[in-house]
Amino acid sequence: MAVAFRLFALPVSRFYRGLRHRAQSCHRRAVPAKLPSTIAPHLLAWYDANARDLPWRAPPGAPPTDPYRVWLSEIMLQQTQVATVKPYFAKFTARWPDFASLAAADEGELMAAWAGLGYYARARNMIACARQVSAEHDGALPATEAELRKLSGIGDYTAAAIAAIAFGERAVVVDANVERVVTRLAALEKPLPSAKPDIRALADTITPDARAGDFAQAMMDLGATICTAGAPKCLLCPLRADCAGHATGDPERYPRKQPKRARPHRHGTIFWAVNGDHVLLVRRPDKGMLGGMRALPTGPWQDEKPGLAEAPFDAEWRMSGDSVQHGFTHFTLECALAGARIDGHTNPRSGEWWPLADLDSAGLPTLFAKAAKRMREWEC
DNA sequence: CAAGCGTGGGG
DNA sequence: TCCCCAAGCTT
């Protein structure tokens with residue numbers, strides 16, 4: 001009681017400064033060889049009572065669900081949050097319920113179905129993977145991490161996650177959630193990405209032999225709902241007593257990260273060509289931004305405003321005076337909007353005339369969906 | 001191996 | 001508003 005009173009009597013800033021000082025003094029200490037052995041049982045007990053109910057997930061302790069659904073969800077969840085994935089997962093499993101149907105899918109239809117989910121290389125890799133599974137594995141996913149790792153779109157994380165979740169193999173599953181949870185549990189001062197080998201070694205020490213799939217999903221649920229990047233809810237955390245980061249008083253400090261470079265700002269022009277009740281769409285090259293996606297024609301994306309450079313054909317283009325802003329991972333883009341009405345005889349160098357009434361089904365990435373919305377208002 | 005690659009939500 | 005970040009993979 002006396003201790004607690006003195007704690008609260010201490011000015012808050014001094015309290016945290018003291019704790020931070022303790023954290024700093026750990027800096028020179030070697031990376032801990034292991035974490036408390038109580039972590040896995042505590043976490044699994046918490047998961048049994050608190051697991052999220054997700055369409056691709058078996059309940060805690062239950063046998064695994066269809067590997068196809070596990071695989072599909074893992075691909076969609078790469079760098080993408082659960083709430084965003086849910087409607088896409090429902091759409092895809094209804095349209096393509098297994099590897100055979102996906103391997104036979106029309107690529108254009110699949111890319112359009114993926115539109116809006118981002119990181120479009122995932123969709124192309126997904127088809128390639130489904131075809132590999134059909135051609136080389138008799139239509140069934142291999143069950144080992146090493147075999148899974150060879151398939152398109154499956155890296156270290158996804159191979160481990162599928163092996164553990166779909167096949168019950170013990171595998172060390174490390175994603176951004178696990179990195180955050182582990183660096184906090186250990187109060188690890190070494191910054192990402194150089195700390196990745198240490199994080200994996202620490203995760204290995206707490207991964208149980210049994211229920212590896214539940215354990216991996218429990219770590220991710222914990223990271224997504226309690227051990228969040230900002231404002232972690234330590235009071236609700238089943239691992240609070242095992243957590244060195246919580247003991248420092250500043251768990252948000254972890255994981256330490258190298259500073260990122262500022263995102264440059266680029267300019268472009270989007271061309272809105274209307275021919276009767278059709279608009280001109282093109283297909284972007286497979287490599288590069290928005291690769292393989294249907295799109296409105298654009299000129300170059302560069303530091304200076306490109307004006308009407310690289311218009312899809314000669315016409316009386318008019319700048320709408322409006323522009324569309326869009327943020328990508330490593331730059332922001334501001335596009336001017338140029339419109340033209342033309343007669344039925346003009347032949348663009350490439351592309352297709354798409355019915356305006358059916359534009360929603362074209363599967364345009366968000367940048368172009370925004371531009372189309374603006375230009376349709378401008379037309380009126 | 002560092003850089004390229006989307007998007008939407010939250011602080 | 002702006003910045004950070006998320007169930008990463010590929011080259």
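Atom set for the values below is all heavy atoms of this structure, side chains included, hydrogens, waters and symmetry mates excluded. Letters A, B, ... mirror the listed sequences (proteins, then strands); counts begin at 1. Owing to the predicted nature of the structure, the values given are computational and were not obtained by experimental measurement.
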When the distance from CE of A:Met293 to P of B:dC5 is rounded to whole Å, what number comes out?
15 Å
Reckon A:Ser152 touches a base, only the sugar-phosphate, or nothing at all at heavy-atom distances under 4.0 Å?
sugar-phosphate
Do A:Glu74 and A:Tyr157 have side-chain atoms, one donor and one acceptor, less than 3.5 Å apart?
yes
Using only modelled atom types and a 3.5 angstrom limit, is any donor from either the side chain of A:Thr329 or the base of B:dG6 paired with an acceptor on the other?
yes
Among A:Tyr68, A:Phe89, A:Phe92, whose ring-ring contact (aromatic ring centres under 6.0 Å, His included) with A:Trp56 holds?
A:Phe89
Once hydrogens and angles are ignored, does a donor-acceptor distance under 3.5 Å link the base of C:dG8 to the side chain of A:Thr80?
no
Just how far, in rounded Å, is P of B:dG6 from CG of A:Leu367?
11 Å
Would you classify A:Arg261 as touching base, sugar-phosphate or nothing, given that sugar-phosphate means primed atoms plus P, OP1 and OP2, and contacts are heavy atoms under 4.0 Å?
sugar-phosphate
For A:Ala224, report the nucleic acid contact type (base, sugar-phosphate, nothing); a contact means any heavy atom under 4.0 Å.
sugar-phosphate
In terms of the angle between their ring planes, are A:Phe331 and A:Phe328 parallel, tilted or perpendicular, with boundaries placed at 30° and 60°?
tilted
Tell me what A:Gln79 touches on the nucleic acid: a base, only sugar-phosphate, or nothing, going by heavy atoms under 4.0 Å.
base
Would you mind reading off the distance between A:Ile154 atom CD1 and C:dT11 atom P, rounded to a whole angstrom?
14 Å
Would you say a side-chain N or O of A:His326 is under 4.0 Å from OP1 or OP2 of B:dT7?
yes
Between the side chains of A:Thr144 and A:Glu169, is a donor N or O closer than 3.5 angstrom to an acceptor N or O?
no
Using the P atom as the point on both nucleotides, what is the distance between B:dG9 and B:dC5, in whole Å?
23 Å
Quiz question: by atom type and distance under 3.5 Å, do the side chains of A:His267 and A:Asp303 form a donor-acceptor pair?
no
May I ask you to verify if any side-chain N or O of A:Lys287 is less than 4.0 angstrom from the OP1 or OP2 atom of C:dT10?
no
With DNA chain C as reference, determine whether A:Ala229 or A:Ala176 sits nearer its 5' end, using the nearest nucleotide of each.
A:Ala229
Whole-Å P distance, C:dT11 and B:dG6:
14 Å
Looking for any heavy atom pair under 4.0 Å, which part of the strands does A:Met289 touch: base, sugar-phosphate only, or nothing?
sugar-phosphate
I want to check one thing: is the phosphate of C:dA6, taken as OP1 and OP2, less than 4.0 Å away from some side-chain N or O of A:Arg180?
yes
For A:Leu54, which contact category applies under a 4.0 Å heavy-atom criterion: base, sugar-phosphate, or nothing?
base
Donor-acceptor pair between A:Arg122 and A:Asn125 side chains, under 3.5 angstrom
no
Which nucleotide wins on minimum distance to the side chain of A:Lys257, given the candidates C:dC9, B:dC5, C:dA6?
C:dA6
Take atom CZ of A:Phe328 and atom P of C:dC3, then tell me their distance rounded to the nearest Å.
17 Å
How is A:Gly153 classified with respect to the nucleic acid when contacts are heavy atoms under 4.0 Å: base, sugar-phosphate, or nothing?
sugar-phosphate
Categorize A:Thr158 for me: base, sugar-phosphate, or nothing, with a 4.0 angstrom heavy-atom threshold over every strand shown.
sugar-phosphate
If you check every side-chain atom of A:Gln81, which of B:dG9, C:dT10, C:dG8 has the closest atom?
B:dG9
Could you verify whether a donor N or O on one side chain and an acceptor N or O on the other, from A:Ser323 and A:Arg374, lie under 3.5 Å apart?
no
A:Gln78 has its side chain closest, among C:dG8, C:dC5, B:dT7, to C:dG8
How about A:Trp317 and A:Phe271: are their ring centroids closer than 6.0 Å?
yes
Near DNA chain B, under 4.0 Å by heavy atom, which residues of residues 99-132 of chain A?
A:Gly116, A:Leu117, A:Gly118, A:Tyr119, A:Tyr120
Between atom NZ in A:Lys196 and atom P in C:dG8, what is the gap in whole Å?
9 Å
Any chance the side chains of A:Ser101 and A:Asp98 put a donor and an acceptor closer than 3.5 Å?
yes
Does A:His330 place a side-chain N or O at less than 4.0 Å from the phosphate oxygens OP1/OP2 of B:dA3?
no
Both A:Pro193 and A:Gly288 contact DNA chain B. Taking the nearest nucleotide for each, which residue is further toward the 5' end?
A:Pro193
Here the distance between atom C1' of B:dG4 and atom CG of A:Leu290, to the nearest Å, is 12 Å
